[in-house]
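I have placed the structure first, in the form of structure tokens, so that the comments after it can refer back to it.
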Amino acid sequence: MSDDQRLRVVALISGSGSNLQALLDAQSAGLPMQCVAVISNRGDAKGLDRAHHHDIPTAVLNHRDYPDRDTYDAALRHLVDGYEPELVVLAGFMRILTPAFVNHYRGRMLNIHPSLLPKFRGLHTHQRALDAGETEHGASVHFVTAELDGGPVILHARVPVQPDDDATSLAARVLQQEHQIYPTVVRWFAQGRLRLGEDGQVWLDDAPLQPSCSDDRAQ
Ligand code: GAR
């Protein structure tokens with residue numbers, strides 16, 4: 001498939017970028033996307049090295065160089081739009097985004113979050129799941145809306161909590177599942193099968209989608 005038939009994707013990261021790596025591996029294996037840029041708010045993000053390894057342009061936009069969130073997000077939007085993405089993927093981008101930024105990318109920005117949303121929005125999700133005595137935990141891919149970690153869920157991956165789990169062991173198993181479900185959802189989007197309706201409903205193959213476990217759903 002030529003470059004111009006593939007979905008143009010910009011990835012935003014802050015850290016390790018293992019989800020970015022999963023997407024790049026899927027791209028190499030035929031997922032019809034072209035990651036056209038990786039942008040980080042941190043210069044030391046390991047994910048930048050992963051992008052360099054794949055010859056993908058990178059940029060660092062340090063939030064500490066901006067006086068407030070509005071100014072930073074305006075600069076970020078300008079930077080992102082310069083790459084003309086059809087989809088923006090948040091891959092461990094640890095910033096709260098302004099409504100103006102989020103609304104600009106409505107229906108074309110995805111996030112992955114390490115919990116079974118709507119449970120455990122925000123940080124420290126694995127420890128909070130353990131503290132709550134959950135027997136099941138996991139990850140969610142969702143469209144991004146102005147509500148933090150509150151956008152409509154597209155796909156869940158469920159992970160059983162083991163009696164001897166701590167936050168580290170649980171996080172590792174959840175992360176493995178993240179690496180499965182993010183490429184799956186990006187593939188649906190790239191194939192034109194997935195969209196966010198005006199009413200906030202997610203549609204897959206022209207049918208309203210109920211959030212579902214990855215095991216339930218064909219690729
Ligand atoms: C992932 O677990 C992702 O779900 C989480 O950050 C980690 C990034 O890992 N994102 C959030 O918590 C966003 N609310 P990675 O850099 O190795 O992909």
Side-chain angles (χ1 to χ4, degrees), residues 9-28 31 33 35 37-54 56 58-61 63 69 73 76 87-99 101-102 105 109-131 134 136-159 161 165-186 211 213-214:
V9 173
V10 167
L12 305 187
I13 65 167
S14 298
S16 161
S18 71
N19 277 291
L20 168 68
Q21 186 68 58
L23 290 168
L24 297 179
D25 290 346
Q27 175 180 310
S28 300
L31 194 165
M33 65 169 251
C35 185
V38 173
I39 299 172
S40 174
N41 64 316
R42 297 180 55 118
D44 61 355
K46 188 177 160 213
L48 293 169
D49 298 333
R50 300 180 191 268
H52 293 149
H53 193 70
H54 286 256
I56 296 166
T58 62
V60 175
L61 198 65
H63 54 278
R69 207 173 279 284
D73 278 10
L76 183 60
L87 179 69
V88 176
V89 294
L90 307 182
F93 189 60
M94 304 307 278
R95 295 270 310 160
I96 294 173
L97 297 165
T98 56
F101 185 90
V102 169
Y105 297 104
M109 182 156 63
L110 301 174
N111 183 41
I112 189 154
H113 181 76
S115 77
L116 294 173
L117 290 172
K119 287 185 175 176
F120 308 118
R121 298 174 182 181
L123 299 175
H124 311 300
T125 57
H126 310 297
Q127 189 59 54
R128 286 161 60 207
L130 290 170
D131 292 346
E134 298 284 337
E136 186 180 63
H137 185 45
S140 311
V141 178
H142 65 96
F143 278 112
V144 178
T145 63
E147 192 183 355
L148 179 67
D149 298 328
V153 172
I154 302 162
L155 190 58
H156 278 147
R158 299 179 185 280
V159 172
V161 177
D165 263 331
D166 58 18
T168 304
S169 62
L170 187 54
R173 292 207 313 289
V174 169
L175 195 59
Q176 280 181 354
Q177 293 304 309
E178 294 184 36
H179 299 162
Q180 304 301 315
I181 61 173
Y182 218 177
T184 296
V185 172
V186 171
C213 172
S214 57

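Positions are given from 1, in the same order as the sequence printed here. These numbers come from a predicted model, not from an experiment. Counting convention: from 1, in listed order, for ligands and their atoms alike.
No more than 12 heavy atoms of other residues, nucleotides or ligands sit less than 6.0 Å from atom CZ of Arg42. No more than 12 heavy atoms of other residues, nucleotides or ligands lie within 6.0 Å of NE2 in His124, so this atom counts as exposed by the packing criterion.
Side-chain contact annotation: Asp166 with Ser169, donor-acceptor N/O pair under 3.5 Å present.
The protein heavy atom nearest to atom 14 (N) of ligand 1 is His113 ND1, 3.1 Å. Protein heavy atom at the shortest distance from atom 10 (N) of ligand 1 is Ile112 O, 3.6 Å. From the protein, the heavy atom lying nearest to atom 9 (O) of ligand 1 is Asn19 ND2, 4.1 Å. Here the protein heavy atom with the shortest distance to atom 12 (O) of ligand 1 is Pro114 CD, 3.3 Å.
Within the 4.0 Å heavy-atom criterion, the part of Asp149 lying near ligand 1 is the side chain and not the backbone. Contacts of Leu175 with ligand 1, taken as heavy-atom pairs under 4.0 Å, involve the side chain alone.
Heavy atoms of Gly17 approach ligand 1 to within less than 4.0 angstrom. Using a 4.0 angstrom heavy-atom cutoff, Lys46 does not count as in contact with ligand 1.
Residue Gly92 has at least one heavy-atom neighbour below 4.0 Å for each of these atoms of ligand 1: 6 (O), 8 (C). Interface of Ser16 with ligand 1, defined as ligand atoms under 4.0 Å from a residue heavy atom, comprises 16 (O), 17 (O). Short contacts between ligand 1 and Glu178, defined as distances under 4.0 Å to a heavy atom of the residue, involve ligand atoms 1 (C), 2 (O), 3 (C), 4 (O).
Taking CG from Asn19 and CG from Leu24, the interatomic distance works out to 11.0 Å, rounded to the nearest 0.5 Å. Once rounded to the nearest 0.5 Å, the distance linking OG of Ser14 with NZ of Lys46 reads 15.0 Å.
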Item to complete: Evaluate the criterion side chain to side chain donor-acceptor pair (under 3.5 Å) for residue pair Thr58 and His52; output intermediate values, then yes/no.
Response: CA-CA 7 Å; Thr58 62; His52 293 149; 3.0 Å; yes
Discussion item. One pair to check against side chain to side chain contact (heavy atoms under 4.5 Å, CB included): Gln27 and Cys35. What are the steps and the verdict?
Written reply: CA-CA 8 Å; Gln27 175 180 310; Cys35 185; 3.6 Å; yes
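Geometrically, ligand 1 and Ser18 share a nitrogen or oxygen pair separated by less than 3.5 Å.
Applying the ring-ring contact (aromatic ring centres under 6.0 Å, His included) rule to His142 yields no partners; only residues at least two apart in sequence or on another chain are considered.
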